[in-house]
*Asks:* 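One structure is given below, represented as structure tokens, and several questions about it will come after.
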2 protein chains.
Amino acid sequence: MLSSYSTADKVLLALDCIIFGFDQHQLKILLIQRDFEPEKGKWSLIGGFLKRTETLDDAAKRILNHLSGLDDIYLEQLYTFSEVDRDPGERTLSTAYYALINSEDHKLLEDGDYTAKWFDIKEAPNLIFDHNEMVQKAILRLRRRAVSKPIGFELLPEKFTMLQLQKLYEAILDVELDKRNFINKVNALDILVKLDEKDMTSSRKGSYLYQFDKEKYDQKIEEGFTFKI
Amino acid sequence: MLSSYSTADKVLLALDCIIFGFDQHQLKILLIQRDFEPEKGKWSLIGGFLKRTETLDDAAKRILNHLSGLDDIYLEQLYTFSEVDRDPGERTLSTAYYALINSEDHKLLEDGDYTAKWFDIKEAPNLIFDHNEMVQKAILRLRRRAVSKPIGFELLPEKFTMLQLQKLYEAILDVELDKRNFINKVNALDILVKLDEKDMTSSRKGSYLYQFDKEKYDQKIEEGFTFKI
DNA sequence: GTTTTAAGTGTTAATTTCACATTTAACAAA
DNA sequence: TTTGTTAAATGTGAAATTAACACTTAAAAC
């Protein structure tokens, strides 16, 4: 027998964001140290509660916008966590989202409620509630997505070198890649524009900068192309 | 500023199940015709509301058990749908799950509240709310999962022929596969047991029955094996 | 014993992936 | 202005995987 609306229980629905960044070496996540109860002083994901008048995507955007001032952040819903006692306060479910931001370009906003800090995904502190589990799930999802969708570029500055792109994929996939094979593969995709501009910070010779060509990518997708790294 | 528990809104959380079956030819989904309001008479997924004392997985199992009497059904959380006006009744979010059941072995239970019926995924009627979207997402998820995890067997009887397995994958992936290549690939996985028993219903010669060997699969996974069809 | 029907089986070509080392551009130092 | 230094740029061949493809066999029906 299906429950009717009237007899069904209402619950609090929270939303937690795993915010990924990349610092040219390691994949990072942004965590906050809570200045409020419960679990004051502990590290956690950035989160908030869903409002009656917004979708989960809206709520995720709102929370990220509040943190960063940005509203063009890559976001994807991950999973809804529902253990009965996951939050010791009240019966609360939480839908986790993950976000990809270019941590170089984007300064984070200050907020009296918390201090935010980037952590290497391999060196993150223990988190409250089920947030560790959320992070693990997000890493796995990011790994699967990054090889089948061109979302990695969200973590890089608009212009990047091939080596940066390679290091990014190495960090996401937690593997070492061969330079020539990687470049050959990326070039074969034919979705990057090689600029006339060089990044001179890393060597005397300088290395060419590239840009993701979204229009070209979209067109190729229409023609049946599949992205695969 | 993060919302505190006290000011946060509570919402109804529904749960809808996309129940997949396979009839030797086509991938099917189980739908019900609602005998109750709202949307009485229309087709919809099987669903219910989350109770305060259960997890989403629990709720999904409860709903499926009520329908089928079974409690060993393959289940996976799909996505949480949250459009503000997705349910015209009350502000309701819905977490969609998909389930795989062997529709031959398992008789469905009767229920006064609705009539349940199997539909080819390609011939399903229009559904209420955002249920069409849920089904589409479930099909895509099933496609991705079925090639990387041995979940297809959940849709087959315990003993099956190679042709049945091939037809199943053809139905899931919506492609035609080459018989010899498919068998070679499956045999190379080395996770099936070939029985001494034949299915004589389909030909004079009869075709050998196979069984999925879960222990062997689990052991191979531990040794670093990856399933891939 | 002949026919019928679906089951069962293997090889080759094509493509993709992987491993691997030398040359080049730009600046710095002599 | 030559030489040294450093990271960037570049291609090929072997190995593995995937894709294409057609004939033989077992069992029952007649």
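Hydrogens, waters and symmetry mates play no part in the numbers below; they use all other heavy atoms, side chains included.
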*Asks:* Quick one: A/L209 CG to D/dA9 C1', roughly how many Å, whole number?
*Replies:*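 Atom CG in A/L209 sits about 15 Å away from atom C1' in D/dA9.
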*Asks:* Salt bridge or not between B/K167 and B/E170? Use side-chain N to carboxylate O under 4.0 Å.
*Replies:*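 Answer for the salt bridge query: yes.
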*Asks:* If you assign each of A/Y208 and B/Y208 to its closest nucleotide in DNA chain C, which residue comes earlier from the 5' end?
*Replies:*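 Checking each residue's closest nucleotide, the 5'-ward one belongs to B/Y208.
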*Asks:* Between B/K198 (NZ) and C/dA6 (C1'), how many Å, whole number?
*Replies:*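 Nearest whole value for this atom pair: 11 Å.
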*Asks:* Does A/T161 or B/G206 map to a spot on DNA chain D nearer the 5' end, using the closest nucleotide for each?
*Replies:*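 This one resolves to A/T161.
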*Asks:* Nearest to the side chain of A/K194 - C/dA7, D/dT10, C/dG10?
*Replies:*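 Selected nucleotide: D/dT10.
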*Asks:* With the side chain of B/M200 defined as its heavy atoms from C-beta on, choose the nearest nucleotide among C/dG10, D/dG11, D/dA27.
*Replies:*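 Looking only at heavy atoms from C-beta outward on B/M200, the closest nucleotide is D/dA27.
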*Asks:* Round to a whole Å and report the spacing from CG of B/L189 to P of D/dT17.
*Replies:*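 Taking atom P of D/dT17 as the reference, CG of B/L189 is at 13 Å.
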*Asks:* Once you round to the nearest 0.5 Å, how far does CG of B/D218 lie from NZ of B/K214?
*Replies:*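 Output value for this atom pair is 3.5 Å.
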*Asks:* Between atom CG in A/L163 and atom C1' in D/dA7, what is the gap in whole Å?
*Replies:*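 So the two atoms are 9 Å apart, to the nearest Å.
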*Asks:* Taking 4.0 Å as the cut-off, does a side-chain nitrogen or oxygen of A/S203 come that near to OP1 or OP2 on C/dA26?
*Replies:*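 For C/dA26, OP1/OP2 do not have a side-chain N/O of A/S203 under 4.0 Å.
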*Asks:* If you assign each of B/K228 and A/K205 to its closest nucleotide in DNA chain D, which residue comes earlier from the 5' end?
*Replies:*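 Between the two, 5'-proximity favours A/K205.
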*Asks:* Rounding to a whole Å, what distance do you find between A/K179:NZ and C/dT24:C1'?
*Replies:*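 So the NZ-C1' distance, A/K179 to C/dT24, works out to 12 Å.
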*Asks:* Between C/dA6 atom C1' and B/D199 atom CG, what is the distance in whole Å?
*Replies:*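 So the two atoms are 11 Å apart, to the nearest Å.
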*Asks:* Please determine if B/K194 forms a cation-pi arrangement with B/Y208, meaning its NZ or CZ atom is less than 6.0 Å from the six-membered ring centre and no more than 45° off the ring axis.
*Replies:*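 Ring-cation test returns yes.
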*Asks:* Side chain of B/R180 only, please: which of D/dG11, D/dC21, D/dA7 is the nearest?
*Replies:*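 Comparing D/dG11, D/dC21, D/dA7 against the side chain of B/R180, the answer is D/dC21.
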*Asks:* Is it true that, when you exclude B/F212 itself, more than 12 heavy atoms of the residues, nucleotides or ligands shown sit nearer than 6.0 Å to its CZ?
*Replies:*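 Correct, the count exceeds 12.
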*Asks:* Quick check for you: among D/dA28, C/dC20, C/dC27, whose closest atom lies nearest to any side-chain atom of B/R204?
*Replies:*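 Per side-chain heavy atoms of B/R204, the pick is D/dA28.
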*Asks:* Measure CD1/B/I183 against P/C/dA7 and give the value in whole Å, please.
*Replies:*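 It works out to 9 Å between those atoms.
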*Asks:* Just N and O in the side chain of B/S207: are any of them under 4.0 Å from OP1 or OP2 of C/dG8?
*Replies:*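 Checking C/dG8 against B/S207, no side-chain N or O comes under 4.0 Å of OP1 or OP2.
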*Asks:* Are any of the side-chain heavy atoms of B/C17 and B/Y98 separated by less than 4.5 Å?
*Replies:*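 No, side chains not in contact.
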*Asks:* Check the distance between C/dT9's P and B/K185's NZ and give it to me in whole angstrom.
*Replies:*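 In whole Å, C/dT9 P lies 19 Å from B/K185 NZ.
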